[in-house]
Amino acid sequence: MGRNVSRFTVALFVGALLATGGGCAKVDTPAGELPAPVALPQEDPESSADPSESAEPAETSPTPRAVESMGAAPKASPSASAKASASPKPSPKPKRTSTAPRAVPKPPTETKVPPAPPKPAPSSCKPSYKGDQASRAQAKAALTDAAGRTYWPTSAPDIRIPLPLVKATAWQESGWQSNIVACDGGIGLMQVMPDTATWMNQRFGQNYDVWDYRDNAYLGGTYLAWLTKYIGDMYFDADYRLDADLCTSELNSCLLNAVIAAYNYGHGAVAREGQPLAVPNPSYVRNVRALMTECVCLGY
């Protein structure tokens, strides 16, 4: 009888707990009786009332331009990947599997091209001089500034013109003489043609003076940068690296050689629609390539 009373008392006590909604009853529930876990939907960081309460806020996705100019974002850890935002990240710029030029080029992205270079002047012609000659220190400073510029900040910010290339080109063209005028009309340090200078000023919205040695260096650098993008888009899938290490014994194997050749012979003689990359002036290219490592001007 006493046992039955105890059972009845316990029953009444349990019923009272259930009637009053006692939530503590689940604490002692055996593990095997716990309900199956339910996957919670991811919370949109923008709709959260207090983003600071999130244990690990979603990482902001980089813009395509940032990916292009700074390289692909570092790989996220497995835990971060599981909690990443549902918004898809932009695909990184595809990497080329080969450094060799395309056998069949893509159509050019630049439709407004510079004028063709003039015909070579007679070998008997002697250059003339106009104005004052800049010192070597002044020429060095101008060429260094030109190499340090970002010529395509929006569409191709990764284009960089190596300083040895700028110095070697200026030495090959003028011997770093800022006031020399060639028989074919080339002017100054970088031997910029007046018509080419006019075209570049219009193309890039500048007002460089071809007779000023500093502006002349900028015009030469601008032309090298334009050639880099024009030829790089057609033959190298926008891989704008002007690295000598990418060149083989074949002169038409790399962008560096092609840009040097085009600076002397014009873009149309090097990059031809539907045809392989050409280097019609091998002696000039070899001279500039040698000057990039051996020129006395590198020590100025």
Side-chain angles (χ1 to χ4, degrees), residues 114 117-118 120-121 125-151 159-201 204 206 208-231 242-244 247 255-267 270 279 281-300:
C125 179
K126 301 297 182 182
S128 59
Y129 296 87
K130 179 180 178 179
D132 297 330
Q133 165 73 20
S135 67
R136 286 178 176 175
Q138 290 173 322
K140 175 183 177 181
L143 296 170
T144 301
D145 288 345
R149 293 169 66 88
T150 300
Y151 290 97
I159 289 181
R160 289 291 185 270
I161 308 303
L163 180 56
L165 173 59
V166 178
K167 287 183 174 181
T169 302
W171 191 264
Q172 171 72 27
E173 291 288 331
S174 69
W176 282 28
Q177 299 178 85
S178 63
N179 60 343
I180 192 171
V181 182
C183 293
D184 62 0
I187 298 171
L189 284 174
M190 302 294 287
Q191 285 294 282
V192 180
M193 301 299 299
D195 290 344
T196 304
T198 300
W199 173 82
M200 283 191 288
N201 279 331
F204 292 95
Q206 301 295 333
Y208 293 133
D209 181 4
V210 70
W211 295 102
D212 182 278
Y213 72 93
R214 290 159 296 193
D215 286 2
N216 192 286
Y218 294 151
L219 285 165
T222 302
Y223 191 34
L224 288 170
W226 185 88
L227 291 169
T228 299
K229 188 173 190 307
Y230 184 83
I231 301 173
L242 296 174
D243 296 347
C247 305
L255 181 57
L256 174 61
N257 290 347
V259 169
I260 294 172
Y263 191 91
N264 174 240
Y265 253 48
H267 70 282
V270 176
V279 176
N281 47 351
S283 295
Y284 181 91
V285 174
R286 290 192 179 99
N287 287 345
V288 175
R289 284 292 308 277
L291 289 171
M292 288 180 67
T293 57
E294 303 170 5
C295 181
V296 65
C297 62
L298 300 178
Y300 291 161

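All values reported here derive from a predicted model rather than from experimental measurement. All residue numbers in this chain count up from 1 along the given sequence.
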(message) For Met190 and Leu143: C-alpha separation, side-chain torsions, deciding distance, then whether side-chain contact (heavy atoms from CB on, under 4.5 Å) applies.
(response) CA-CA 9 Å; Met190 302 294 287; Leu143 296 170; 3.9 Å; yes
(message) Donor-acceptor pair, distance only, cut-off 3.5 Å: does the side chain of Trp176 make one with the backbone of Lys167?
(response) yes
(request) Would you name the heavy atoms of Ala217 and Ala142 that are closest together and state the gap between them? (result) CB-O, 3.6 Å
(request) Measure the shortest side-chain to side-chain distance between Glu173 and Ile180 over non-hydrogen atoms and say whether it is less than 4.5 angstrom. (result) no
(request) Test Arg160 against Leu242 for side-chain contact (heavy atoms from CB on, under 4.5 Å), laying out the working first. (result) CA-CA 8 Å; Arg160 289 291 185 270; Leu242 296 174; over 6 Å; no
(request) Taking the side chain as every heavy atom from C-beta outward, state whether Ile187 and Pro194 have any pair of such atoms under 4.5 Å apart. (result) yes
(request) Measure the acute angle between the ring planes of Tyr263 and Tyr223, then classify it against the limits of 30° and 60° as parallel, tilted or perpendicular. (result) tilted
(request) Output the distance between atom CZ (Arg136) and atom OH (Tyr300), rounded to the nearest 0.5 Å. (result) 3.0 Å
(request) Report the distance from atom OG1 of Thr228 to atom CD1 of Ile159, rounding to the nearest 0.5 Å. (result) 6.0 Å
(message) Walk me through whether Ile260 and Thr169 qualify under side-chain contact (heavy atoms from CB on, under 4.5 Å).
(response) CA-CA 8 Å; Ile260 294 172; Thr169 302; 5.5 Å; no
(message) I'd like to know if the side chain of Thr196 and the backbone of Val192 have a donor-acceptor N/O pair within less than 3.5 Å.
(response) no
(message) With a 3.5 Å distance limit and no angle check, can you tell me whether Asn179 reaches the backbone of Gly131 through a side-chain donor-acceptor pair?
(response) yes
(request) Check whether any side-chain N or O of Asn216 sits under 3.5 Å from a backbone N or O of Trp211 as a donor-acceptor pair, and report yes or no. (result) no
(message) Taking Ser178's backbone N and O only, do any of them form a donor-acceptor pair with Gln133's side chain (distance below 3.5 Å, no angle check)?
(response) yes
(request) For side-chain contact (heavy atoms from CB on, under 4.5 Å), just list the numbers for Leu165 and Met292, CA-CA rounded to whole Å, side-chain angles, deciding distance to a tenth of an Å, and then say yes or no. (result) CA-CA 6 Å; Leu165 173 59; Met292 288 180 67; 4.0 Å; yes
(message) Does the plane of the ring in Tyr208 sit parallel, tilted or perpendicular to the ring in Tyr218? Use 30° and 60° as the thresholds.
(response) tilted
(message) Please report the interatomic distance CZ(Arg214) to CG(Leu189), rounded to the nearest 0.5 Å.
(response) 11.0 Å
(message) If I take atom CZ from residue Arg149 and atom OG1 from residue Thr222, how far apart are they, to the nearest 0.5 angstrom?
(response) 6.0 Å
(message) With a 4.5 Å cut-off on side-chain heavy atoms, are Pro114 and Met193 touching?
(response) no
(message) For a quick test of reading the model, state the closest non-hydrogen atom pair linking Gly186 to Asp184 and the distance between them.
(response) N-OD1, 3.1 Å
(request) Could you tell me which non-hydrogen atom of Leu256 sits nearest to which non-hydrogen atom of Cys247, and how far apart they are? (result) CB-SG, 4.2 Å
(message) What I'd like to find out is whether the side chain of Tyr265 reaches to under 4.5 Å of the side chain of Tyr284, using heavy atoms alone.
(response) no
